[in-house]
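Read the structure below first, then the notes.
Order of the sequence lines fixes the chain letters, A, B, ..., with proteins taken first and strands second; residue numbering starts at 1 for each chain.
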2 protein chains.
Amino acid sequence: MTARFPTGFSGSAVHVGIKKMSTKEDVALVVSDRAAVGVGVYTQNLVCAAPVDFDRQLTPSETIRAVAINSGVANACTGQQGEEDCQEMARLTAEACGLDERQTLVLSTGVIGVHLPMEKIAKGISLSSATLANDNDALERTARGMMTTDTVTKIRGRDFKVDDVALNVTGLAKGAAMIGPNMATMLAVVMTDANVTMRDAHQALKDAVSETFNCISVDGHTSTNDSVLLLANGAAGGPVLSGRGLDMFRTTLFEVCEDLAQSIPADGEGATHLVTVEVHGCRTRAEAVKIAKTIADSPLVKTAIAGADPNWGRIVSAAGYAGVSFDPRNVSLHINAMLVYERGAPVKFDEQVVSQSMASEKEISLLLILDEGSAAARFWTTDLTAEYVRLNADYTT
Amino acid sequence: MTARFPTGFSGSAVHVGIKKMSTKEDVALVVSDRAAVGVGVYTQNLVCAAPVDFDRQLTPSETIRAVAINSGVANACTGQQGEEDCQEMARLTAEACGLDERQTLVLSTGVIGVHLPMEKIAKGISLSSATLANDNDALERTARGMMTTDTVTKIRGRDFKVDDVALNVTGLAKGAAMIGPNMATMLAVVMTDANVTMRDAHQALKDAVSETFNCISVDGHTSTNDSVLLLANGAAGGPVLSGRGLDMFRTTLFEVCEDLAQSIPADGEGATHLVTVEVHGCRTRAEAVKIAKTIADSPLVKTAIAGADPNWGRIVSAAGYAGVSFDPRNVSLHINAMLVYERGAPVKFDEQVVSQSMASEKEISLLLILDEGSAAARFWTTDLTAEYVRLNADYTT
């Protein structure tokens with residue numbers, strides 16, 4: 001695991017007062033020193049933020065140079081003014097960095113329905129562009145600039161080699177497990193100095209996201225701003241990746257996305273457990289995902305886990321209303337690798353032992369096994385604590 | 001509103017120790033003195049309890065005489081033994097009341113995965129059958145016998161007249177708003193002395209349930225045991241209802257179901273608000289229901305309401321991921337009849353006024369207006385409080 005700015009990338013972030021606490025960076029830039037392939041995967045929410053619409057129009061692209069990011073205000077549900085603010089944010093970035101404005105992508109996260117404070121944004125872009133660097137401090141700073149209620153930065157990276165060319169994939173993400181106030185918006189910017197085509201980059205990102213970022217659930221609420229961007233600038237040199245080299249890139253990208261995705265529910269302010277829901281024995285992966293997501297989103301399951309309560313009935317019955325047909329008589333369930341339900345009937349198990357294991361371990365594993373086929377899926381979520389409710393009950397006012 | 005045992009019906013309930021508190025009845029009977037039309041609507045959960053399978057096989061019927069009910073144990077996920085216990089419960093009821101066992105329906109609610117304590121059940125049926133009565137005390141007692149974490153009995157009824165024949169529809173329900181420990185299982189038994197055909201009774205019940213009991217949400221978790229039964233014994237006399245008389249019966253049944261359904265989220269132990277979500281301007285009612293349910297199930301919306309936070313962004317964005325296509329630029333939202341979002345853009349409103357109204361009123365109204373058509377739907381739910389989490393974090397252990 002080597003997280004670093006890949007060759008040709010730099011970044012920075014500053015605090016300009018969009019977020020209240022003066023120690024918290026709220027405007028960040030990621031810049032490539034040459035034109036990069038830029039591809040994105042965006043929220044499925046119909047009510048999407050202005051920056052999502054903006055980036056959707058620009059990507060996929062072969063000439064991206066920068067991503068401008070702000071935290072504190074989401075620029076969502078902001079109408080025509082929101083669109084104009086977005087364009088202005090790109091224009092300011094292009095101006096500060098000497099680019100074309102069509103080379104700049106934009107990300108925002110924060111409260112909904114509030115207009116971007118454009119003077120602060122302008123100041124932030126100007127200051128960030130003047131302090132761009134490619135060292136670890138700059139990487140940490142850039143990641144902090146994306147954060148909302150995250151308690152730690154989420155930076156994951158890997159080196160790999162293709163035909164003696166040293167390559168790197170490094171990503172920055174922000175989540176807010178147990179949703180912070182900010183709609184649980186998930187943003188990620190993944191950078192690589194590998195040389196990949198726009199088409200391969202887009203397919204690799206879509207494939208990775210579907211099994212990583214799309215398999216985390218904090219509260220089932222799809223955000224207006226969720227975006228994952230991948231920038232590939234080829235600065236490490238070497239020919240365009242294909243065949244085995246492309247496979248290695250895809251694998252590395254997947255691993256970085258998986259590490260980042262898992263870091264999001266793991267950083268739950270209100271949460272006390274990271275829960276992995278695995279569903280095996282389905283006809284299709286889509287059906288397995290549907291069941292895993294239904295279990296992961298169930299408040300009854302999540303409160304039981306918060307209370308270290310091995311209440312398998314809630315888990316099995318959540319599977320039953322996922323909208324996937326299966327024979328309930330062939331369902332088995334393991335909690336933390338202990339069999340608690342076997343082929344449709346309860347199993348005698350020591351509730352105290354399972355409960356103590358749930359209470360003492362930060363990571364909880366739920367494994368549901370059907371007997372319909374051989375497809376499987378994995379989902380990550382958190383438990384549901386009273387602290388979550390406290391954090392989310394009062395935000396805008 | 002006149003809740004009473006309709007002509008020919010009686011009931012009772014006793015405490016036999018299935019529930020711990022000795023003041024809480026846990027076995028109840030509802031008996032008709034003659035064969036009644038019996039129809040039911042049951043949970044959609046694939047993982048359904050033994051009594052649901054049992055009743056599904058017996059209904060619709062024209063010869064039902066009794067419903068045996070226990071609370072404390074759900075007889076769900078109990079395999080072959082559960083099926084046998086169910087049959088035995090019906091047989092015991094038939095024996096005690098002098099009926100055929102195919103004339104007896106069964107309802108259970110409580111913890112999952114635990115076998116029915118059949119000695120206690122037998123004792124409860126015997127004692128209940130010996131104390132059957134048709135007065136208000138017996139009605140209250142019978143309703144208490146269904147309760148789990150409900151804090152009040154849920155009994156609603158109406159008199160109506162068709163051609164000078166006095167008729168009555170009265171129903172008993174149990175919920176557990178903010179789910180109690182019992183999977184939020186919802187049970188209802190509706191009795192009428194009207195003379196309706198099996199087919200009309202079944203259609204009327206299905207139609208009423210789809211807009212009442214199926215439009216309440218406590219936590220989106222479909223229970224293994226949810227059941228609504230309707231018994232119509234014709235004891236009031238008069239010919240089989242048709243035409244206008246049948247319409248009056250359908251209307252009365254609908255109103256009783258609506259009253260009962262609304263009483264469920266209103267009785268939230270952890271809940272501080274009853275929330276009505278109305279969605280107007282949809283292409284179809286199904287789409288309106290889908291959007292209303294998505295809003296009603298969103299933990300972000302529910303925590304905001306608990307905190308009296310007029311965070312309309314959470315509501316609008318929940319609509320956006322409901323899986324229904326609509327133009328977000330034509331969406332407006334009212335909270336407690338105050339416009340906060342109009343045609344895709346925020347409206348200037350006094351957050352303090354809206355927040356105070358949310359804090360001071362027990363009932364919260366959310367009205368989302370689209371511009372896609374003229375279909376509408378209404379959903380009832382509760383807010384999500386820290387108390388909910390406390391109640392649900394530790395149940396079986």
Side-chain angles (χ1 to χ4, degrees), chain A residues 44-48 74 76-80 111-114 179 183-184 219-224 297-300 303-304 306-314 316-321 325-326 328-329 331 341 344-346 351-352 355 384-390 392-397, chain B residues 44-48 74 76-80 111-114 179 183-184 219-224 297-300 303-304 306-314 316-321 325-326 328-329 331 341 344-346 351-352 355 384-390 392-397:
Chain A
Q44 298 296 308
N45 199 316
L46 276 181
V47 180
C48 68
C77 298
T78 44
Q80 177 66 28
V111 276
I112 287 188
V114 173
I179 350 173
M183 299 293 318
D219 52 15
H221 203 111
T222 312
S223 155
T224 50
D297 282 344
S298 161
L300 275 177
T303 49
D309 178 359
N311 193 324
W312 53 264
R314 295 183 181 181
V316 171
S317 68
Y321 70 82
S325 87
F326 61 84
R329 289 169 303 183
V331 174
Y341 190 69
E351 289 199 357
Q352 289 307 319
S355 177
L384 175 53
T385 65
E387 175 71 359
Y388 163 91
V389 176
R390 195 191 62 72
N392 283 285
D394 182 41
Y395 179 51
T396 65
T397 55
Chain B
Q44 298 296 308
N45 199 316
L46 277 182
V47 180
C48 68
C77 299
T78 44
Q80 177 67 26
V111 275
I112 287 187
V114 173
I179 352 173
M183 300 291 317
D219 53 14
H221 203 112
T222 311
S223 156
T224 49
D297 281 345
S298 161
L300 275 176
T303 47
D309 178 359
N311 193 324
W312 53 264
R314 296 183 180 181
V316 171
S317 68
Y321 70 82
S325 86
F326 61 84
R329 289 169 304 183
V331 174
Y341 189 69
E351 289 199 358
Q352 288 308 317
S355 177
L384 175 54
T385 66
E387 176 71 359
Y388 163 90
V389 176
R390 195 191 62 70
N392 282 285
D394 182 41
Y395 179 52
T396 65
T397 53

If we define contacts as heavy-atom pairs under 4.5 Å, which of A/Val114, A/Val47, A/Asn45 has the most with chain B?
A/Asn45

Heavy-atom pairs under 4.5 Å with chain B: which of A/Thr78, A/Val316, A/Val331 has the most?
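The candidate making the most pairs under 4.5 Å is A/Val316.
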
Locate the shortest heavy-atom distance separating B/Ser325 from A/Leu46; write the atom from each residue and the value.
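Taking every non-hydrogen atom into account, CA-CD1, 3.7 Å.
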
Can you name the closest pair of heavy atoms from B/Pro346 and A/Gly113 and give their distance?
CG-O, 3.7 Å

Among the listed options B/Gly79, B/Ala76, B/Ala318, the residue most often paired with chain A at heavy-atom distances under 4.5 Å:
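That would be B/Ala318.
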
Calculate, to the nearest 0.5 Å, the distance between atoms [atom1] and [atom2] belonging to [X] and [Y] respectively.
X: A/Leu384; Y: B/Leu384; atom1: CG; atom2: CG; answer: 6.0 Å
X: B/Trp312; Y: A/Cys77; atom1: CH2; atom2: SG; answer: 4.5 Å
X: B/Ile112; Y: A/Tyr341; atom1: CD1; atom2: OH; answer: 8.5 Å

Could you work out, with side chain to side chain donor-acceptor pair (under 3.5 Å) as the rule, every residue matching B/Gln44, not counting sequence neighbours?
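If we apply the side chain to side chain donor-acceptor pair (under 3.5 Å) test to B/Gln44, skipping adjacent residues, there are no hits.
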
Which bit of A/Phe326 is near chain B, if near means a heavy-atom gap under 4.5 Å: side chain, backbone, both or neither?
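Both parts, backbone and side chain.
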
